[in-house]
Number of protein chains: 2
Amino acid sequence: MAGYDPSAFPAVAVTVDLVVLTVRNGALCVLVVRRGEDPFAGREALPGGFVRPDEDLLAAAARELAEETGLAPGTAHLEQLASYGAPDRDPRMRVVTVAHLALVADPPDPQAGTDAAAARWAPVDEVLPGLAFDHDRVLRDGVDRARAKLEYTALAASFCRAGFTVAELRRVYEAVWGRPLDPRNFHRKVTSAAGFLEATGETTTRDGGRPAQLYRRGPATLLHPPLLRADS
Amino acid sequence: MAGYDPSAFPAVAVTVDLVVLTVRNGALCVLVVRRGEDPFAGREALPGGFVRPDEDLLAAAARELAEETGLAPGTAHLEQLASYGAPDRDPRMRVVTVAHLALVADPPDPQAGTDAAAARWAPVDEVLPGLAFDHDRVLRDGVDRARAKLEYTALAASFCRAGFTVAELRRVYEAVWGRPLDPRNFHRKVTSAAGFLEATGETTTRDGGRPAQLYRRGPATLLHPPLLRADS
DNA sequence: GGATGTTGTCGTCGGACTGACGATAAGCGT
DNA sequence: ACGCTTATCGTCAGTCCGACGACAACATCC
């Protein structure tokens, strides 16, 4: 950070890209948009856009997320993922992108969006590999982060609507980790982790069978003890 | 990522900043440089610099690390930490910085460096708070990352020279976590974690007392089982 | 050379947690 | 009433953990 002359350095464009994940009927899905222009015209890519002059990085990501999904800001979990800046990652010019990871519950089908007419929720395995730019890598990093975070944080509840059952939460874990879990052990661990779940007192039979307790997410953000996946 | 006109967006400068950590006589230390110019003239800051036109982000960080510490490239662990881009974080212009975290063992005292004449290794608690720009935040995030990564990765060995003892490794954990550990339990866990340590067969008495086995780091990068700190 | 101190290494023990299950509860449709 | 489905509670053996005791192998000082 010694003295510098800004004009001596080439213009760099800074964008935010979004890895927006959700769980839809048992599959981990990501929001992708089909590109209309070169480069990579016709290919699918992660949504994203430029950071505006007076906007913080996270604010830019939140704005893009709202634009792209139609969800009210603050509804979803959003965190910075990583930055990607290989010199040739965009053939037009030097673009450094700050990727963000978003987890949303129950998203509406994208269609009313402004220029997001070509957006869709796609199972992760379906679009991988094949995304534009270095977005395969970005998506993989995002999925890895989500998998890891489910282990030791209460983040999985971000994939669930307000009142959810233990079984619904379990299906989230199974979709993200891609592995079946024992319902009885999962129930024990999740209900005994302090601050993870709060019972609402209501029940539902929307999954059939015996009525299940409805929960909302508790105050805890870190899980003690963590919910480890078996060593794979 | 819809169509865009690069000239419609203001120039953004992209830099890399470095959180370089090491352990020196029981204290977690960070490399800081004293600024000679405004803004923040006279204050200490994390080392960093511009990303060059044809340089990847990690490559820029590696170059800065070599320049600043005099260490041969590839000697230390280096990973991306996070990006910081608040619009007013640098009063001169819009600067987005991609912070990186480096862990080094046994660093030389900085002095021969080019413009790093004012660089020093300072205990983390000594410089915090008080760094220039948003570097307090960056340093805190780096320390948090290091603390977390010691739990479930074999990264602590990056703080040790080639042949190290279990006690030296333990002192690394104690310095980073700021908490004493039981030598006997630590020894058991660390030597039974598959792939973490490889005995060299040699011994040393450099810490006094009974001669201790010398180890080099094993092939494992993730620890099974993890080395959890007690719930705090 | 023996006492003493220092550090490294191995064991033991009770408690907590885990995965693999069995058993029971409480709805639904027929 | 009967079976089907899902939820929830228990049991049991194995594993891991922290707290600690015991011993081993050096250096130093008398």
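Atom set for the values below is all heavy atoms of this structure, side chains included, hydrogens, waters and symmetry mates excluded. A note on names: the letters A, B, ... follow the listed sequences, proteins ahead of strands, and every chain is numbered from 1.
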With A:Arg63 via side chain to side chain donor-acceptor pair (under 3.5 Å) - residues at least two apart: A:Glu55, A:Glu67
Whole angstrom value for the distance that separates C1' of D:dA7 from CZ of A:Arg206: 14 Å
With a 4.0 Å cut-off on heavy atoms, is B:Arg170 in touch with a base, just the backbone sugar-phosphate, or nothing at all? sugar-phosphate
How long is the span from the CZ atom in A:Arg120 to the CG atom in A:Leu31, to the nearest 0.5 Å? 10.0 Å
What does the B/S/- profile of nucleotides 9-20 of chain C look like, 5' to 3', with a 4.0 Å heavy-atom cutoff to protein? BB-------BBB
Let me have the donor-acceptor pairs involving side chains of residues 193-204 of chain A, under 3.5 Å, with sequence neighbours excluded, atom names and distances please.
{"from": "A:Glu198", "atom 1": "OE1", "to": "A:Arg216", "atom 2": "NE", "distance (Å)": "3.3"}
{"from": "A:Thr200", "atom 1": "OG1", "to": "A:Glu202", "atom 2": "N", "distance (Å)": "3.2"}
{"from": "A:Thr200", "atom 1": "OG1", "to": "A:Leu214", "atom 2": "O", "distance (Å)": "3.0"}
{"from": "A:Thr204", "atom 1": "OG1", "to": "A:Arg206", "atom 2": "N", "distance (Å)": "3.1"}

Tabulate below the donor-acceptor pairs under 3.5 Å that side-chain atoms of residues 20-30 of chain B make, not counting sequence neighbours, or state none.
{"from": "B:Thr22", "atom 1": "OG1", "to": "B:Val104", "atom 2": "O", "distance (Å)": "2.9"}
{"from": "B:Arg24", "atom 1": "NH2", "to": "B:Pro107", "atom 2": "O", "distance (Å)": "3.3"}

Please name all residues satisfying salt bridge (Lys or Arg N to Asp or Glu O under 4.0 Å) with B:Asp182, sequence neighbours left out, ordered by chain then number. B:Arg184
Euclidean distance, atom CZ of residue B:Phe186 to atom C1' of C:dT7 [Å, nearest integer]: 15 Å
Find the distance B:Arg179:CZ to D:dG18:C1' and express it as a whole number of Å. 13 Å
In whole angstrom, what separates A:Leu197's CG from D:dT8's P? 11 Å
Round to a whole Å and report the spacing from CG of B:Leu181 to P of D:dG18. 9 Å
Selection residues 137-169 of chain A - residue pairs positive for ring pair (Phe, Tyr, Trp, His ring centres under 6.0 Å), sequence neighbours left out: none
Which residues in residues 156-165 of chain B have at least one heavy atom lying under 4.0 Å from any atom of DNA chain D? none
Taken in chain and number order and not counting sequence neighbours, the residues that satisfy ring-ring contact (aromatic ring centres under 6.0 Å, His included) with A:Trp177 are A:Tyr173
Across all chains, not counting sequence neighbours, the salt bridge (Lys or Arg N to Asp or Glu O under 4.0 Å) partners of B:Lys189 are none
